[in-house]
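There's a structure below that I have some questions on.
Atoms within a ligand are numbered from 1 in the order they appear, just like the ligands themselves.
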Amino acid sequence: MSGSEMGFRSFDPESSFFSYPTSHLHIEELSASIVRSHRETTQYRPEELQALRWKVFSREEIHAYQSKSVDEMWQHCAVRLTDAVQYVVEFAKRIPGFRQLCQNDQIALLKSGSMEVVLVRMSRMFNTENNTVFFDGKFAGTELFKSLACGDLIAAVFDFAHNLCALRLTEQQMAVFTALVLINADRPCLEDRERVQKVRRDVELALSHIMHRDNQESLLHKLYQRVPVLKSLCALHIEKLRWFRQLYPLTVHSLFPPLYKELFGSDTDIQSLTTH
Ligand SMILES: O=C(O)[C@H]1CC[C@H](C(=O)N2CC[C@@]3(S(=O)(=O)c4ccc(F)cc4)c4ccc(OCc5c(F)cccc5Cl)cc4CC[C@@H]23)CC1
């Protein structure tokens, strides 16, 4: 295979232009557009979160959350999760290559990956010094979520956020990592797996390019190690939702956001995720 077929323009001795392998330029552009999409579709900037870092809930406020009924607190979190997922849908739509995928595959990737991206994004909202997460305008510890009656899931969600937050990813690294979490050719129900793999390949190159540039290649394997934990967290969430729906079928049916039910309810077809 010749250089030009591999996407390399040969050096032209006449012109002063020393050509980069086009793939490098393409990867640079891809990284920049993913970072821009991330910045445009996250609800809080790192500097805002930094400024709010020590704004924690008072004992009375925590008690108020703990006094909520199970179904009320579940509904509250379901609404917040659905809101966060909508930002992830916006993020996905702005990733070059994602929109070129067929509608079915865009929806399949969002259905299986959006919760994982939200959980990765949550690590930006975490304070490892007092083990709290930004929630409803202040930082909250696990005890605030007691009325959800799923302490093991909450503990696992906090644990994941803590470990990822401890890696101190930059916004650029976080942006490209979330694109990688989303664009996964092993997801179920994909029509054109090859196409997804091709888009993923470029995002993988973008992540290693950024980590190399930041001299933090050692973080790459730590990041890849966190991915299976995401999968188990989402499985645990679905398991808890089944338990919750048995107890409170009406709450789920009439008070949970339709998008939440489409994403996390069992095999309902997706209406509101259509990404045109
Ligand atoms: O876009 C941004 O910038 C950010 C905005 C804020 C986003 C964020 O952190 N989040 C979006 C909503 C929220 S949360 O803030 O409500 C929250 C909930 C529990 C926690 F321990 C911590 C936070 C959330 C909601 C439900 C959930 O699983 C489904 C679920 C359960 F697990 C358990 C019971 C009921 C339900 Cl339904 C998991 C998470 C984790 C991510 C959290 C992250 C992205």
* Asked: In a check of side-chain contact (heavy atoms from CB on, under 4.5 Å) between I154 and each of L144, D159, T142, V133, which one passes?
  ->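 That would be T142; it is the only one of L144, D159, T142, V133 passing the side-chain contact (heavy atoms from CB on, under 4.5 Å) with I154.
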* **Carboxylate-amine/guanidinium contact E262 K111, below 4.0 Å** =>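 No, this pair does not count.
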* Ionic contact status for D105 with R187, cut-off 4.0 Å ->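 Salt bridge absent between R187 and D105.
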* To do: Report, in ascending order of atom number, the atoms of ligand 1 lying under 4.0 Å from any heavy atom of V118.
  => 11 (C), 41 (C), 43 (C)
* To do: Just go through M115, Q75, H38, M122 and tell me whose heavy atom is the nearest to atom 38 (C) of ligand 1.
  =>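 The option holding the nearest heavy atom is M115.
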* To do: Starting from atom 31 (C) of ligand 1, locate the nearest protein heavy atom and write down its residue, its atom name and how far away it is, to 0.1 Å.
  => L153 CD2, 3.7 Å
* Run through Y65, F135, W74 and flag the one making a ring pair (Phe, Tyr, Trp, His ring centres under 6.0 Å) with F145. =>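 Only match with F145 under ring pair (Phe, Tyr, Trp, His ring centres under 6.0 Å): F135.
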* To do: List the closest protein heavy-atom neighbour of atom 22 (C) of ligand 1: residue, atom name, distance to the nearest 0.1 Å.
  =>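 Looking at atom 22 (C) of ligand 1, the protein heavy atom closest to it is F145 CZ, 3.7 Å.
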* Distance below 4.0 Å between atom 13 (C) of ligand 1 and any protein heavy atom? -> no
* **Option with minimal heavy-atom separation from atom 35 (C) of ligand 1, where the choices are F244, W74, F158, Y44** =>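 Answer by nearest heavy atom: W74.
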* Who's the nearest protein heavy-atom neighbour of atom 16 (O) of ligand 1, and how far? ->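 Its nearest protein heavy-atom neighbour is R80 NE, 3.3 Å.
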* Asked: Does H237 come within less than 4.0 angstrom of ligand 1, counting non-hydrogen atoms of the residue?
  ->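 It does; at least one heavy atom falls under 4.0 Å.
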* To do: Specify the protein heavy atom at minimum distance from atom 39 (C) of ligand 1: its residue, its atom name, and the distance to 0.1 Å.
  =>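 So the nearest neighbour among protein heavy atoms is L81 CD1, 4.4 Å.
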